[in-house]
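Order of the sequence lines sets the chain letters (A, B, ...), proteins ahead of strands, with each chain counted from 1. The model shown is predicted, which means the values in this text are computed figures rather than measured ones.
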Amino acid sequence: MALLEDFSVGLFFWQLLLFIVLLLVLRKYAWKPILGAVEEREQSIEDSLASAEKAREEMQRLQSDNERILAEARAERDAILKEAREIKDKMINDAKSEAGSQAEKIIANAKEQIQNEKMAAVTDLKNQVAEMSIEIAELVLGKELSAEGKQGALVKEQLDQFKLN
Amino acid sequence: MQIKRFGFFAFLFALSLTAYAGDGHDSHENHEAHGEKSIKEQIKEVKEHHLKDSHSFHLWGDHAKGNSVEFPLPIILWDGQLHFFWSSEFHHNANAVVESKGSHFRLYHSKIYKTEADGEIIYDEDHHALNEKPIDFSITKTVFSTILVGLLMFWMFRSIAKRYTKDLVPRGLSKFIEPLIILVRDDIARPNIGEKNYKRYMPYLLTVFFFIWIANLIGQTPLGINITGNIAVTFGLALITFFITQFSGKKDYWAHIFWMPGVPYLMRLVLMPIEILGLFVKPFSLMIRLYANILAGHTVIISIIGLIFVFGAWGAKGAFFGLTFFLSIIELLVAFLQAYIFTMLSALYFGSAVEEHDEHH
Amino acid sequence: MEIPAIVGAGLIVIGAGMGIGRIGGSAMEAIARQPEASGKIQTAMIIAAALIEGIGFAALFAVN
């Protein structure tokens, strides 16, 4: 067979020897470091992907936190505003009622004063009327009382007139 | 830097395309020099010369015309004692006979025979030499090329490994080689051997993959090297695969060969010799496949280049040139494919050896 | 009349070619049906084709 004729023992020997030497040398000096490096790199890629994922989750968490804080702040602001509004309303109402009572008080005072003044004026008027009536009486008396009898009638008339008043 | 590297690869590619043009050219010149040989005979000669191993490294030129450029390689012979001399001595001496330690040797049809001092070769009726042949441990062209491939691989992968110690990011050559290493690991070793065991076999798979691939590619250069097209080379590779498979065989593996579980006893007796035969057929097919593919590729390409010279018309010459170009590209693909298949099937065999069956079928 | 060995070689090549062709065709169909499994199909295809090729070469050498 041509196959066996072609077979060269020497070539086989050298080939086997060279290949095994090549295999051992490459295994030690090339494949180990190369495969190690490739694996290390893959590991580091995996790790960094995982850490990126973790960072993303952290980010998401932070974001939701932020949102929560923001919502809380908003609610707080609303509460504060509401409270302020209430205080304002209360203050206005208070002021209103106070002003009302004050005004009533003043009015009452004024009324009282008016009453007093009125009483004073009436008293004064009465006094003046009395004086005037005395003067009138003096005048009348001066004139009429010259005629006796008539004086008494006049006084009587006058007094009646007062009663009517 | 990048362009320089690209240029280097382009150069390699161009070399591979012109791979056999040099041989063909030789035959053409031969024809002019000694018209007694027909072109077809010359092509046959070139073909045989190219496909066979040689004891000197012939670069270019014609040996008969004396303008050949070649360098001698050491000849190492064993016939009870060790003989060592340079192949150039065959050309220096009369009758092309070399005398060493009292024995005479003659190079005849790229084989070395032991002769008498006159260098006579005795033939049988089929014109086969009957002379005694010493065991030839010469550093032949193929052995020399294998050494070159080995050095190239060592230089290449060592430099890549060194670069990785500095920086984990692949740059330059490693950018090109790393995907192939990953291919061997993720597409060949992992699925076929299994996640648990694949790491042990990675050095062998990587070495055999790159060795076959680079040897195939070097075979495409005009240097006329034919490493993986030698049956002895592929036998060596297949033998290593065979031994690694057997030595890593676990209990289940041997059980499946000698006493197949889960089948009737009679069937076990029938299956045993088949399985034992399969043990040897597997590496044998590995050996034959690689050898035959590469040899067939080289033969076809040289034959078509020969046809360029057989046909005189320029149209035919152009057509065959185009065909050669096309086939050379196919051969580049085959160079890779054969390396891939050899590695893949080796991994498959290793996988079957280390496989552990949980279920019994 | 003795049949020359080269005829046997031709038969081998025809058989192996048909076999590899069928494997390739079936693999194409399978990939078309399940493109996501193309990697596994390719691997299986290459292995099967390689086995046929091996047998073919072995037979060719026997003829030779």
So, the part of A:Leu18 with a heavy atom under 4.5 Å from chain B: the answer is side chain
Could you please spell out the steps behind the side chain to side chain contact (heavy atoms under 4.5 Å, CB included) verdict for A:Phe13 and B:Ile135? CA-CA 11 Å; A:Phe13 166 78; B:Ile135 302 174; over 6 Å; no
Side chain from CB out, backbone as N, CA, C, O: work out which of these in [X] comes under 4.5 Å of a heavy atom of chain A, or both, or neither.
X        : result
B:Phe211 : side chain
B:Phe210 : side chain
B:Ile181 : side chain
B:Ile76  : side chain
B:Ile147 : both
B:Lys199 : side chain
B:Val208 : both

Does A:Leu16 form a side chain to side chain contact (heavy atoms under 4.5 Å, CB included) with B:Phe235? I'd like the steps, not just the answer. CA-CA 9 Å; A:Leu16 209 60; B:Phe235 178 65; over 6 Å; no
Quick one: does A:Leu11's side chain get under 4.5 Å of B:Val143's, heavy atoms only? yes
Pairwise side-chain contact, A:Phe19 with B:Thr207, heavy-atom cut-off 4.5 Å (strictly under): yes
Considering residues, nucleotides and ligands other than A:Glu76, do more than 12 of their heavy atoms fall under 6.0 Å from its CD? no
Would a distance-only check, ignoring hydrogens and angles, find a side-chain to backbone donor-acceptor pair under 3.5 Å from A:Trp14 to B:Ile139? no
Per-residue contacts, residues 77-112 of chain A versus chain B, heavy atoms under 4.5 Å: none
Are there residues of residues 24-58 of chain A whose heavy atoms fall under 4.5 Å of chain B's heavy atoms? If so, which? A:Val25, A:Leu26, A:Arg27, A:Tyr29, A:Ala30, A:Trp31, A:Pro33, A:Ile34, A:Leu35, A:Ala37, A:Val38, A:Glu39, A:Glu40, A:Arg41, A:Glu42
Verdict with supporting geometry, B:Thr234 and A:Gln15, side chain to side chain contact (heavy atoms under 4.5 Å, CB included): CA-CA 9 Å; B:Thr234 60; A:Gln15 151 67 19; over 6 Å; no
Based on non-hydrogen pairs under 4.5 Å, which of B:Leu206, B:Asp136, B:Thr165 is most in contact with chain A? B:Leu206
